[in-house]
Structure formats: structure tokens, C-alpha cells
Amino acid sequence: MIINAARYSFSNSLIRGMIGELFTKKNYDELLCAKSINEIYHYLCNTSYKESLLNGDNITTVTISSIEIAVIDHMIEIFEKLIRFTPNKVKNVILILLREYEVENIKILIPYIVRGEIPQKEDFMDIHRCSIIKMKDLLSVAQFSELNEVLKKTDYYEAFQHAYKSYILTKSQFIFDTQMDIYYYKMLCNSLKGLGVTDRQRAEELIGFRIDLLNLAWLCRLKLNFHMPEEEILSLLLPGGKFLRNEDVKRLLKGNDLKAILEFLPSCFPWKCASDLQPSKKFNITQLENELDKSFNVYCWQILNGMPFHIGIVMAYLFLKQSEVRNINIILNAKRYQLSAKEIIPYLTLYDVK
């Protein structure tokens with residue numbers, strides 16, 4: 001108990017320092033003002049990303065790809081550091097959060113197999129020492145039977161079997177992704193059972209809201225894009241939500257368009273932009289998902305501002321760090337197409353969010 005208390009105390013100090021390094025609106029404004037990829041590189045070298053950028057395989061020419069790899073490596077290093085310096089029960093949850101990227105890698109591989117193309121390494125996330133699947137094995141896959149063999153000795157095998165059967169029936173990448181996500185969130189929720197009562201409650205609240213947001217986005221896609229019947233939609237939604245009860249979901253499903261569905265959201269649902277958005281017929285599901293991501297980031301910031309220290313703070317920080325990396329990558333790629341700051345900002349799910 002004394003050791004765990006000491007480790008938690010150290011984790012508290014460590015995570016508070018990391019939180020202080022998260023990007024603010026000022027950082028994003030300065031990145032948006034950068035006129036070239038080199039300027040973005042030099043700006044990031046004056047932030048917490050400095051070490052990863054300078055150690056990036058002795059880069060001689062700065063490219064979008066080289067910056068993306070370094071920024072992601074920095075995030076993976078943070079995960080690994082927290083795994084090393086947190087109590088065992090917390091460590092297991094952080095490890096499962098990191099393994100989401102392996103589930104994403106499996107999903108990314110499917111279109112390559114379908115098209116008969118060689119997988120491109122830069123499209124995948126290598127989580128290094130924490131990985132169950134070796135990256136070289138993943139990149140060698142050319143057929144579903146080969147992917148089946150790679151996954152056979154991993155925790156992902158059963159989930160892949162189920163998802164693949166659904167894919168064969170529907171030929172839908174979205175349905176495959178949904179099945180893999182259902183497996184992942186079950187694995188994540190199971191990892192919370194080893195926590196103490198207070199930590200488990202905090203973690204369940206945070207994951208519960210994330211599940212609500214996923215369910216809302218899935219519900220809209222399955223109803224409006226796939227025209228799936230209610231019973232089938234309900235069977236594909238994740239259990240464990242915080243704000244959306246079963247009766248709320250059934251009410252949402254009565255909407256015949258996006259605007260009608262969102263009008264059925266319960267008043268307790270903390271969607272940051274709900275009151276301002278007033279969705280019109282032009283408002284699409286991709287925009288909705290972007291707004292839901294913003295709402296989740298607001299929720300995470302609220303957790304960071306709370307006391308005392310608990311696992312929810314660690315998890316909220318990691319979720320925000322993941323969003324930060326995505327936002328940096330959005331800016332990098334937008335600069336490739338010479339988009340203006342005004343055009344980029346709507347896609348930044350952390351801009352002016354705190």
C-alpha cells in the first residue's frame with residue numbers, strides 16, 4: 001500500500017507536469033500562422049515534442065511524414081512512461097487504452113487486402129514494446145487467411161472472426177469496424193474491474209460518455225446511411241453508456257433525419273455545441289462526429305480541473321493528448337493543400353476548448 005501510494009504521488013506530479021504542456025488556443029493560432037512545413041517543425045521543436053523531433057532517425061529533410069512520425073512517437077513515449085510509473089491496476093488500463101491503436105491497425109489493413117495492395121507502413125501505428133502484433137507481421141499480410149494466422153495467437157482473434165463474418169455478409173468496412181470496436185470497448189471496460197471503487201467509478205463515467213458519443217454517431221450512420229431496422233441497430237450499440245439510456249436510444253431512432261434525431265437528445269446529454277449548432281439539412285454526420293469529439297474534449301478538460309488526483313485525470317489527459325496529435329496532423333496536412341486558418345479551424349477538435 002505504501003509503495004502504491006508513493007507511485008500514485010509520483011504519477012500525480014508527473015501527470016500535472018504533462019497537463020501543463022498540452023497545447024492551448026495560442027499554440028494552435030501560432031501553428032496556423034506558420035507559412036511552411038519547416039516553420040511548423042521549428043515551432044514544434046520549442047514544445048514538448050522537441051526530443052522526438054530531434055531524435056527522429058537523423059532526419060536531414062523535414063517532411064510532413066517525418067513530423068507525423070515524431071509527434072506520434074512522442075505520444076507513445078508518454079503512454080509508456082505512465083505505464084512504467086503508475087500502480088499495476090492503473091497500468092493495465094493505460095495499456096488497454098494504448099492497444100486501441102492495434103485494433104485500428106487491423107481495421108486499416110482490410111481495404112489493402114480487398115484491393116490486393118501492399119500495406120504502407122506510414123498508415124499504421126507502431127506501439128513498439130507494448131504491441132501484441134509485430135508490425136513486420138502485419139505489413140506482410142496480403143490475404144484474409146494470412147491475417148487470420150497473424151491474429152490466431154492474440155487476444156484479437158475471436159473479435160476478428162466475428163467481425164470478418166459480418167464483413168462477408170455486408171461488404172461494409174463500417175460494420176467490420178463497429179464489430180472490432182465493440183470488442184475493444186468490452187476489453188477496456190473489463191480492465192476497469194481491477195480498480196478500487198472510486199477509481200472505477202471515475203473511469204466508468206469517462207468511458208461511459210465516450211461510449212455514448214460513439215453510439216450516437218453509429219446510430220446516425222446505421223439509421224440514415226444503412227437504413228438498418230431498429231432491432232439490428234440496437235444489437236450493434238455498445239453497452240455501458242453514461243447519459244443515453246435504452247429508452248433514449250429508441251426515441252432517437254424515431255428521427256428520420258439528422259436534425260430530428262438530435263432534437264430527441266435528452267437534456268442531460270452534455271453536448272457542448274447542441275444549443276448553438278441548430279443543425280440544418282446541410283449538417284452531415286461527419287460534422288456531427290467532429291462536434292461530438294469537441295464535446296468529449298470539453299468533458300476531459302473539466303475532469304483535469306477537478307481534484308483530488310484519480311485515474312480519470314490520467315485517462316482524460318491521454319485522450320486530450322491523442323486529440324492534440326490528431327489536430328497537429330490536421331494542420332500539417334492542411335498546409336500541404338495551402339488551406340487558410342479559417343478553413344482549418346472547424347476541423348480542430350481542441351481549438352478554443354478548455
Side-chain angles (χ1 to χ4, degrees), residues 11 14-34 37 39-56 62 64-83 94 97-101 104 122 125-128 130 206-207 209-210 213-214 272-273 289-306 312-336 339 341 343-354:
S11 300
L14 179 68
I15 199 76
R16 290 297 178 191
M18 291 176 172
I19 289 169
E21 294 176 340
L22 285 170
F23 277 18
T24 63
K25 181 177 180 294
K26 181 174 181 289
N27 293 116
Y28 289 114
D29 281 334
E30 289 169 345
L31 272 177
L32 289 166
C33 287
I37 299 303
E39 281 191 28
I40 291 177
Y41 173 80
H42 289 297
Y43 180 83
L44 292 173
C45 280
N46 290 308
T47 69
S48 61
Y49 294 94
K50 177 180 179 179
E51 187 176 342
S52 295
L53 286 163
L54 297 180
N55 292 339
V62 176
I64 290 176
S65 179
S66 67
I67 298 175
E68 284 178 332
I69 290 168
V71 166
I72 289 169
D73 282 347
H74 170 70
M75 183 182 69
I76 300 300
E77 286 168 10
I78 287 173
F79 269 94
E80 291 180 341
K81 187 182 291 185
L82 288 170
I83 287 168
I94 297 172
L97 288 175
L98 182 55
R99 291 223 170 114
E100 182 179 11
Y101 291 114
E104 290 298 316
E122 58 268 21
M125 178 81 80
D126 191 349
I127 61 174
H128 310 302
C130 297
L206 184 56
I207 296 302
F209 184 40
R210 200 181 193 201
L213 297 176
L214 269 176
K272 174 183 178 286
C273 301
E289 289 170 337
N290 202 47
E291 296 303 326
L292 294 175
D293 283 344
K294 289 179 184 177
S295 296
F296 186 67
N297 288 334
V298 170
Y299 193 75
C300 287
W301 269 113
Q302 290 169 347
I303 291 172
L304 293 191
N305 293 328
I313 290 175
V314 179
M315 294 171 70
Y317 164 74
L318 289 171
F319 287 136
L320 287 169
K321 191 67 182 179
Q322 290 172 313
S323 288
E324 180 178 288
V325 167
R326 284 194 295 271
N327 280 214
I328 291 171
N329 287 341
I330 286 169
I331 292 172
L332 279 168
N333 284 284
K335 290 294 180 180
R336 186 207 303 265
L339 299 180
E343 292 172 298
I344 301 170
I345 287 171
Y347 297 95
L348 301 181
T349 59
L350 276 172
Y351 186 78
D352 202 19
V353 169
K354 194 165 180 176

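Contact between Ser52 and Ala70 at its shortest, heavy atoms only, is CB-O, 3.3 Å. When all heavy atoms of Gly312 and Leu206 are compared, the closest pair comes out as O-CD2, 3.8 Å. Closest approach of Tyr49 to Lys321, counting heavy atoms only: OH-NZ, 3.2 Å. The two residues Leu213 and Leu292 make their nearest non-hydrogen contact at CD1-O, 3.4 Å. Closest non-hydrogen pair, Leu32 versus Lys335, comes out as O-NZ, 2.7 Å.
Looking only at side-chain heavy atoms (C-beta outward), Tyr43 and Ile40 stay at 4.5 Å or farther from each other. Side-chain contact check for Val62 versus His42: every heavy-atom pair is 4.5 Å or farther apart. His128 is not listed as a side-chain neighbour of Phe79, based on a closest heavy-atom distance of 4.5 Å or more. The side-chain heavy atoms of Leu318 and Ile78, taken from C-beta on, include a pair separated by under 4.5 Å. Using a 4.5 Å cut-off on side-chain heavy atoms (C-beta onward), Ile313 and Ile19 make contact. Residues His74 and Val325 fail the side-chain proximity criterion, which asks for heavy atoms closer than 4.5 Å.
With sequence neighbours left out, Phe296 forms a ring-ring contact (aromatic ring centres under 6.0 Å, His included) with Phe319. With sequence neighbours excluded, the residues that form a side chain to side chain contact (heavy atoms under 4.5 Å, CB included) with Thr349 are Asn290, Asp293, Lys294, Asn297, Ser323, Asn327. Under the side-chain hydrogen bond (donor to acceptor under 3.5 Å, both in side chains) criterion, Lys25 pairs with Asp29, Tyr351, sequence neighbours left out.
The pair Glu68-Arg336 does not count as a salt bridge, with every side-chain nitrogen at least 4.0 angstrom from each carboxylate oxygen. The existence of a salt bridge linking Lys26 and Glu30 is confirmed by a sub-4.0 Å separation between a basic side-chain nitrogen and an acidic carboxylate oxygen.
Surrounding OH of Tyr347 are at most 12 heavy atoms belonging to other residues, nucleotides or ligands under 6.0 Å away.
A donor atom on one side chain and an acceptor atom on the other are not found under 3.5 Å apart for Asp352 and Tyr28.
The closest donor-acceptor contact from the side chain of Asn305 to the backbone of Gln302 lies at 3.5 Å or more, if one exists at all.
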